[in-house]
Trainee: 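Please see the structure below; I have some questions.
This one's a predicted model, so the numbers in the text were calculated from it and none came from an experiment.
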Amino acid sequence: MPIASDPSPGAGLAERPEGTDPVPQYGAWRKGVAGVLAKARRVDIAELPDEPEQLLAQTTYDGLTVAPLYTRRDERPELPLPGAFPFVRGRDAARDVHRGWYVSAFVGPGDGAAAKREILAGLENGISAIWLGVGERGVPLAELPAALDGLLFELAPLTLDAGAQVSSAAATLFEVLDSYAAPERADIQLSLGAAPLTSRFAGVADAELSETVALAAQSIARAETVRAITVDGTVFHDAGASDAQELGAAVAAGLEYLRALTEGQDIADALGQLEFRFAATDDQFATIAKFRAARKLWARVAHACGAPDFGGAPQHAVTSAAMMSQRDPWVNMLRTTLAAFGAGVGGADTVTVLPFDSALPAGELGVSKSFADRMARNTQLLLLEESHLGHVQDPGAGSWYVEDLTAELAAKAWAFMQELEAAGGYVAALESGLLAERIAATKAARDSDVAHRKTAVTGVNEFPNLAERPLSDAARTPSRVARYGAAFEALRDRSDVYLAANGARPKALLVPLGTVAEHNVRVTFIANLLASGGIESINPGPLDVAGIASAAQEADARIAVLCGSDARYGAEAGAAVEALRAAGVETVLLAGAAKAVAELSGTQRPDGFLAAKIDAVAALSGLLEKVGA
């Protein structure tokens, strides 16, 4: 069941007669790129490759190449309008442009009365869909009717998150609906949220597959629009999956559901029982492409099953929990804004923005839950009501970059799904460990990029704020979510513990050599690097060799870092290292590469080197160990 092929970028250019390049200015642009790169790299233009712009290309964790420039050379055939197979541009041709997507919020733990107040307050202030936790995940099952009292079901779609109690929660919900009057029962949209296959991957309790199939049969018989199953791709994302892995695993799980459902149901009814949930990240273009590609993938499944018109499954976007940081969590507001933008532009039907402090225990920051919820809600409302993003369906259509990325991501995700199918299907791949193994490899690659600071996590491995209040013990509890900045935040946790025990943070003396112009760049780099590991920098200002001893004694630091130009190192580094050792400094490091002092040896040679490409997590962890943190 191969996915429908798309023309590759630049397809057909080789057959064009000479002089008919669709972008005749491309050659001049390439020459300009070559000139800039040659100057920046201090090489001759002849030393660059024939296509120098490829040096600016980026590679995603799926192995996809993102070019530095997209032109008519990358143009692909125009896709059908929203509402038509393959639904890339949207599943609903008649979506209300004044509403846009549904603004959803999660209502969690609390009694029925409290949940009702929270739901009504949210609806009064802009949300248009409810995601309600039930049982261990929220409102006690017996109080579900009280929580739903007063809700106009035909106006606000409802999604349940009840885990293993989903059947009981559905029965209670159906009882409530049986006594609810509505002009058109089909206008009532319900998602029961049964997710046995994806919950199994995450290791959380949920209904059995057979129970879910029975629940789907009940849902099909209802007059309301009820979907029993949520294919929750966020569990793969939270474990470290790439975009293609998240989509491919979700489609594989969806296929497993279809096989079970069609043993007793028509394929059209079976397709009508599934919705998808995916993570939206602050990589806005990747997120736009992800939701478009996801629709293409599931439409292809429906087409292969003989029901192409039923391939437009609803999509629920949830801003990524993995991208959220505990340190400087206010930055999360920016992350979730980009994620909501990407999901909305990408055509998600419903979007939930996680509160900016969701990676922390409740009350950790001293701000109220209502404030955090309001900020999450208003993020979407500003995008919809002030930026008017919902007024246009699929605004990214026609963008050479977006169309290319969508097609390439869909192909890669389909290939991953086929790998899981070849292993025996989703369940077999899950049981054999294949799925977890593939995702773990991606997580390791991302962790390495973050550790080497190739990938920046603002407030964590870049621009950290050491003046932040230390986190509580509860905040240091390990999470099942593979947050991007977790390794650096673990270093900060060690610094917090050291601070509590010693009254001060671990510290290191900066030794600026030469003029400010000579050392400022490296001083700034080292201070930022050390702070990301919870180590405070002491900067006495420019020093000559004679002033090093007194600065070291005053700082009383066991670690020192020389900062200066390579030329200055050649003249003074050896003597500076000896002066620091004589002053009792135990570990002397140098900001820069080892080649800068290749001629030094013995007591004049630094103990280590802090350069841009080092494994910062390993280096900082070693420094914390040296000071007992």
Side-chain angles (χ1 to χ4, degrees), residues 60-62 104 106 108 131 133 136-137 159 161 163 193 195-206 230-254 275-283 286-287 290-291 294 315-326 329 332 335-336 338-340 342-343 348 351-361 376 413 416 420 426 429-430 433-447 449-450 455 457 460 475 477-490:
T60 71
Y61 291 110
D62 290 312
S104 173
F106 183 78
W131 185 10
E136 293 183 357
R137 303 183 183 184
T159 297
D161 186 359
L197 297 181
T198 50
S199 291
R200 184 174 174 184
F201 174 85
V204 298
D206 213 304
T230 296
V231 185
D232 190 0
T234 66
V235 299
F236 310 119
H237 174 84
D238 290 348
S242 67
D243 289 338
Q245 288 172 337
E246 181 185 353
L247 297 183
V251 171
E275 72 169 8
F276 288 83
R277 182 177 296 148
F278 297 114
T281 72
D282 55 359
D283 187 336
T287 296
K290 177 196 281 190
F291 284 87
Q315 294 178 325
H316 179 188
V318 182
T319 56
S320 166
M323 73 177 179
M324 303 294 267
S325 66
Q326 290 186 328
N332 291 331
R335 297 184 177 106
T336 55
L338 287 169
V351 179
T352 300
V353 171
L354 297 180
F356 75 97
D357 59 350
S358 60
L360 295 165
F416 185 67
L420 301 182
Y426 174 84
L430 183 60
L434 173 66
L435 178 57
E437 178 184 332
R438 294 290 186 269
I439 291 175
T442 301
K443 177 183 179 298
R446 182 184 290 106
D447 287 347
D449 285 346
V450 173
T455 297
V457 183
V460 180
T477 303
S479 168
R480 70 172 183 84
V481 177
R483 290 185 300 102
Y484 301 158
F488 280 93
E489 291 183 333

Trainee: Between Gln315 (side chain) and Phe291 (backbone), is there a donor-acceptor pair under 3.5 Å?
Mentor: yes
Trainee: With a 4.5 Å cut-off on side-chain heavy atoms, are Phe201 and Leu197 touching?
Mentor: no
Trainee: Could you check whether any side-chain N or O of Lys290 sits under 3.5 Å from a backbone N or O of Ala279, counting only pairs where one atom can act as donor and the other as acceptor?
Mentor: yes
Trainee: Decide yes or no on side-chain contact (heavy atoms from CB on, under 4.5 Å) for Leu420 and Leu434, but give the supporting numbers first.
Mentor: CA-CA 8 Å; Leu420 301 182; Leu434 173 66; 4.2 Å; yes
Trainee: About how many Å separate CD of Glu136 and CG of Asp161, when rounded to the nearest 0.5 Å?
Mentor: 11.5 Å
Trainee: Pick one: which of Arg483, Glu489, Arg335 meets side chain to side chain donor-acceptor pair (under 3.5 Å) with Ser325?
Mentor: Arg335
Trainee: Is any side-chain heavy atom of Thr230 closer than 4.5 Å to one of His316?
Mentor: no
Trainee: Determine, step by step, whether Leu360 and Met324 satisfy the side-chain contact (heavy atoms from CB on, under 4.5 Å) criterion, reporting the C-alpha distance in whole Å, the side-chain angles of both residues, the deciding distance to 0.1 Å, and the verdict.
Mentor: CA-CA 10 Å; Leu360 295 165; Met324 303 294 267; over 6 Å; no
Trainee: To the nearest 0.5 Å, what is the distance between CD on Glu246 and OG1 on Thr281?
Mentor: 9.0 Å
Trainee: Say you draw a straight line from CD of Gln245 to CG of Leu247; how long is it, rounded to the nearest 0.5 Å?
Mentor: 10.5 Å
Trainee: Do you know the tightest heavy-atom contact between Ala241 and Thr442?
Mentor: C-CG2, 4.2 Å
Trainee: Compare every heavy atom of Thr352 with every heavy atom of Ser104, then report the nearest pair and how far apart it is.
Mentor: OG-OG1, 3.1 Å
Trainee: Keeping the roles fixed (side chain from Ser199, backbone from Pro196), state whether a donor-acceptor pair exists under 3.5 Å.
Mentor: no
Trainee: So do Leu435 and Phe236 actually touch side chain to side chain, heavy atoms under 4.5 Å?
Mentor: yes
Trainee: Can you see whether Thr198 engages Arg277 through a side-chain donor-acceptor pair at a distance of less than 3.5 angstrom?
Mentor: no
Trainee: Quick check: closest heavy atoms across Ala339 and Thr319, and the distance to 0.1 Å?
Mentor: CB-CG2, 3.7 Å
Trainee: State, to 0.1 Å, how close Gly240 and Ala482 come at their nearest heavy-atom pair, and which atoms those are.
Mentor: N-CB, 4.3 Å
Trainee: With a 4.5 Å heavy-atom cut-off, do Tyr484 and Val460 have their side chains touching?
Mentor: no
Trainee: Do Trp131 and Val318 have side chains that get closer than 4.5 Å, going by heavy atoms?
Mentor: yes
Trainee: Return the minimal non-hydrogen interatomic distance between Thr287 and Ala343, and the atom names on each side.
Mentor: CG2-N, 3.5 Å
Trainee: What are the two closest heavy atoms between Val235 and Ala202, and how far apart are they?
Mentor: CG1-CB, 3.9 Å
